[in-house]
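Here the structure is laid out as structure tokens; the discussion comes afterwards.
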Amino acid sequence: MSAPDSVHELAKARLAARAEKNFALSDQLRDEIAAQGFEVVDSAGGYELRPKKRFPTYESTRDIRPINSGKFEITVAMIIDSFQEDAVTTIKTIKEHSQCAIAILVVGDPGVLVNELDSRTSLVQLTEDFGWGESANALLRNVTSEFIVIMDPSTRFTGDAITPVLAELKKREFVAVGWRGGLINLEDDWRSVDDKGAGEVDVLFSYFLAMHREDALAARGFSNRALYYRNADIEFSLNLRHSNGRLLQIDLPLEQDRHHGYHDTDPEYRDAQSKKNYDRILERFRGKTAILSPRR
């Protein structure tokens with residue numbers, strides 16, 4: 001496939017930018033070239049244009065480049081390391097019911113997920129597992145939409161879950177909006193969370209956790225020490241509240257299928273990593289009732 005003249009013009013402009021050591025412009029032009037389906041490679045004679053791979057592959061989360069959300073204000077982002085066929089089912093329900101970009105971070109072989117790539121669905125592949133927290137932060141940093149949903153692949157859309165969430169986030173009264181969450185149980189010394197239904201909450205769970213991306217990054221995102229997802233969302237929520245952010249739980253047209261991330265994970269690893277995540281919560285936040293939402 002030969003590149004059109006418009007892409008050659010971008011490549012020439014990038015070459016000039018590099019000669020002027022304007023690397024910010026050079027990177028921007030490379031991204032524009034990539035958005036048109038080509039990869040620009042520097043050569044002795046100037047540059048070469050090659051058809052772009054359908055998805056990029058990275059060795060580290062730190063290497064991941066911007067994930068283009070296109071025209072969409074919000075991106076549903078998922079971390080997938082197994083059970084790709086189930087994830088395909090989830091992606092189809094998103095596409096059927098809502099208008100949003102979809103970003104998939106795959107650890108290892110993406111398999112059948114490649115068949116779901118289209119103008120609103122992006123995939124990045126990691127060759128090595130850096131843990132759930134670091135992968136979630138990579139998505140936070142690199143999708144280009146203003147808002148993002150960190151969602152578990154087991155969560156299925158049964159209707160439009162995006163429109164009501166965007167409406168709440170745009171009011172700027174709440175920094176994050178989610179489907180499931182609750183209040184820290186003070187009677188058992190912060191060791192559990194009580195689901196009180198819709199309303200302001202202390203924590204939201206990553207089954208479906210929507211947020212303003214810059215606000216989340218300002219609160220330093222998820223803990224990179226969280227290798228496993230469980231309780232990492234509670235720690236993140238309390239980080240948001242510690243930064244004066246309010247969290248809202250609302251009813252949404254979602255349902256949960258088998259939660260492979262919990263039920264099909266080695267129990268010894270699951271329990272050990274869950275405890276590590278919760279121990280950090282207790283060490284940093286226990287007793288700081290001033291950061292919690294009103295009791296109900």
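Below, each value reflects all heavy atoms present in this structure, side chains not excepted, and no hydrogens, waters or symmetry copies. Throughout, residue positions are numbered sequentially from 1 according to the sequence presented.
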Sequence neighbours left out, what passes ring pair (Phe, Tyr, Trp, His ring centres under 6.0 Å) with [X]? Give chain and number order.
X: His97; answer: none
X: Tyr58; answer: none
X: His242; answer: none
X: Trp132; answer: Phe222

Hey, could you give me the [atom1]/[atom2] distance between [X] and [Y], rounded to the nearest 0.5 Å?
X: Asn231; Y: Tyr278; atom1: CG; atom2: OH; answer: 6.5 Å
X: Thr289; Y: Arg295; atom1: OG1; atom2: CZ; answer: 8.5 Å
X: Leu15; Y: His8; atom1: CG; atom2: NE2; answer: 12.5 Å
X: Ile91; Y: Phe157; atom1: CD1; atom2: CZ; answer: 11.5 Å
X: Ser223; Y: Arg284; atom1: OG; atom2: CZ; answer: 9.5 Å
X: Leu169; Y: Arg213; atom1: CG; atom2: CZ; answer: 13.5 Å

**Message:** According to side-chain hydrogen bond (donor to acceptor under 3.5 Å, both in side chains), does anything in residues 79-89 pair up with another residue at least two apart or in another chain? List the pairs.
**Reply:** Asp86-His260
Is [Y] close to [X] at the side-chain level, that is, under 4.5 Å between some pair of heavy atoms?
X: Arg258; Y: Phe83; answer: no
X: Arg191; Y: Leu282; answer: yes
X: Ile162; Y: Gln99; answer: no
X: Arg296; Y: Leu183; answer: yes
X: Leu204; Y: Gln249; answer: yes
X: Asp202; Y: Leu247; answer: no
X: Ile80; Y: Leu113; answer: yes
X: Met151; Y: Ser206; answer: no

Taking a hydrophobic cluster as the set of Ile, Leu, Val, Met, Phe, Trp and Tyr residues connected by side-chain heavy atoms closer than 4.5 Å, whether directly or through intermediates, do [X] and [Y] fall within one such cluster?
X: Val201; Y: Phe285; result: no
X: Met211; Y: Val165; result: no
X: Leu240; Y: Leu140; result: yes
X: Ile150; Y: Phe236; result: yes
X: Phe147; Y: Ile102; result: yes

**Message:** Going by side chain to side chain contact (heavy atoms under 4.5 Å, CB included), name the residues that satisfy it together with Ile67, two or more places apart in sequence or in a different chain.
**Reply:** Ile64, Ala103, Ser122, Val124, Leu139, Asn142, Val143
**Asked** Taking it one step at a time, do Phe174 and Glu200 satisfy side chain to side chain contact (heavy atoms under 4.5 Å, CB included)?
**Response** CA-CA 9 Å; Phe174 295 93; Glu200 186 173 357; 4.0 Å; yes
Minimum heavy-atom distance between [X] and [Y], given as atom pair plus value:
X: Leu126; Y: Ser135; answer: CD1-OG, 4.1 Å
X: Ser274; Y: Tyr228; answer: OG-CE2, 3.4 Å
X: Pro66; Y: Thr144; answer: CB-CG2, 4.2 Å
X: Asn277; Y: Ala232; answer: ND2-N, 4.0 Å
X: Phe208; Y: Ala161; answer: CZ-O, 4.0 Å

Pairs touching [range] that satisfy salt bridge (charged side-chain N to carboxylate O under 4.0 Å, His left out), sequence neighbours left out:
range: residues 145-161; answer: Arg156-Asp257
range: residues 91-115; answer: Lys92-Glu116, Lys95-Glu116, Lys95-Asp118
range: residues 178-190; answer: Asp189-Arg286

**Request:** Tell me, please, whether Tyr262 has Arg270 positioned over its six-membered ring: NZ or CZ under 6.0 Å from the ring centre and within 45 degrees of its axis?
**Result:** yes
**Asked** Any chance CZ of Arg62 has more than 12 other-residue heavy atoms, nucleotides or ligands included, within less than 6.0 Å?
**Response** no
**Message:** Tell me whether the count of non-hydrogen atoms from other residues, nucleotides or ligands lying under 6.0 Å of CG in Asp266 goes above 12.
**Reply:**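 Atom CG in Asp266 is crowded, with more than 12 foreign heavy atoms closer than 6.0 Å.
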Run the side-chain donor-acceptor check on residues 70-79: report pairs under 3.5 Å with partners two or more places apart or on a different chain.
{"unit_1": "Glu73", "atom_1": "OE1", "unit_2": "Lys170", "atom_2": "NZ", "d": "3.0"}
{"unit_1": "Glu73", "atom_1": "OE2", "unit_2": "Lys170", "atom_2": "NZ", "d": "2.7"}
{"unit_1": "Thr75", "atom_1": "OG1", "unit_2": "Ser69", "atom_2": "OG", "d": "2.7"}
{"unit_1": "Thr75", "atom_1": "OG1", "unit_2": "Ser145", "atom_2": "OG", "d": "2.7"}

Under 3.5 Å, which donor-acceptor pairs do the side chains of residues 17-28 form with other protein atoms, sequence neighbours left out?
{"unit_1": "Asn22", "atom_1": "OD1", "unit_2": "Leu25", "atom_2": "N", "d": "3.2"}
{"unit_1": "Asp27", "atom_1": "OD1", "unit_2": "Arg30", "atom_2": "NH2", "d": "3.4"}
{"unit_1": "Gln28", "atom_1": "NE2", "unit_2": "Glu32", "atom_2": "OE2", "d": "3.1"}

**Item:** Pairing residues for Thr93 by the side chain to side chain donor-acceptor pair (under 3.5 Å) criterion, not counting sequence neighbours
**Value:**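 In terms of side chain to side chain donor-acceptor pair (under 3.5 Å), with neighbours along the sequence ignored, Thr93 is linked to no residue.
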**Arg246 and Val175: CA distance, side-chain angles, deciding distance, side chain to side chain contact (heavy atoms under 4.5 Å, CB included) verdict** = CA-CA 6 Å; Arg246 300 170 63 207; Val175 67; 5.8 Å; no
**Working for side chain to side chain contact (heavy atoms under 4.5 Å, CB included), residues Asn224 and Asn137** = CA-CA 8 Å; Asn224 284 334; Asn137 284 332; 2.9 Å; yes
**Message:** Does either side chain, that of Gln256 or that of Ser154, offer a donor lying less than 3.5 Å from an acceptor on the other one?
**Reply:** yes
**Request:** Classify the angle between the aromatic ring planes of His259 and His263 as parallel (below 30°), tilted (30 to 60°) or perpendicular (above 60°).
**Result:** perpendicular
Hey, is [X] close enough to [Y] for a salt bridge, meaning N to O under 4.0 Å?
X: Arg280; Y: Glu283; answer: no
X: Arg172; Y: Asp215; answer: yes
X: Lys275; Y: Asp271; answer: no

**Request:** Would you check, one step at a time, whether the test side chain to side chain contact (heavy atoms under 4.5 Å, CB included) holds for Val203 with Asp233?
**Result:** CA-CA 8 Å; Val203 302; Asp233 43 14; over 6 Å; no
**Item:** Lys12 and Asp5: CA distance, side-chain angles, deciding distance, salt bridge (charged side-chain N to carboxylate O under 4.0 Å, His left out) verdict
**Value:** CA-CA 10 Å; Lys12 291 173 183 174; Asp5 291 344; over 6 Å; no
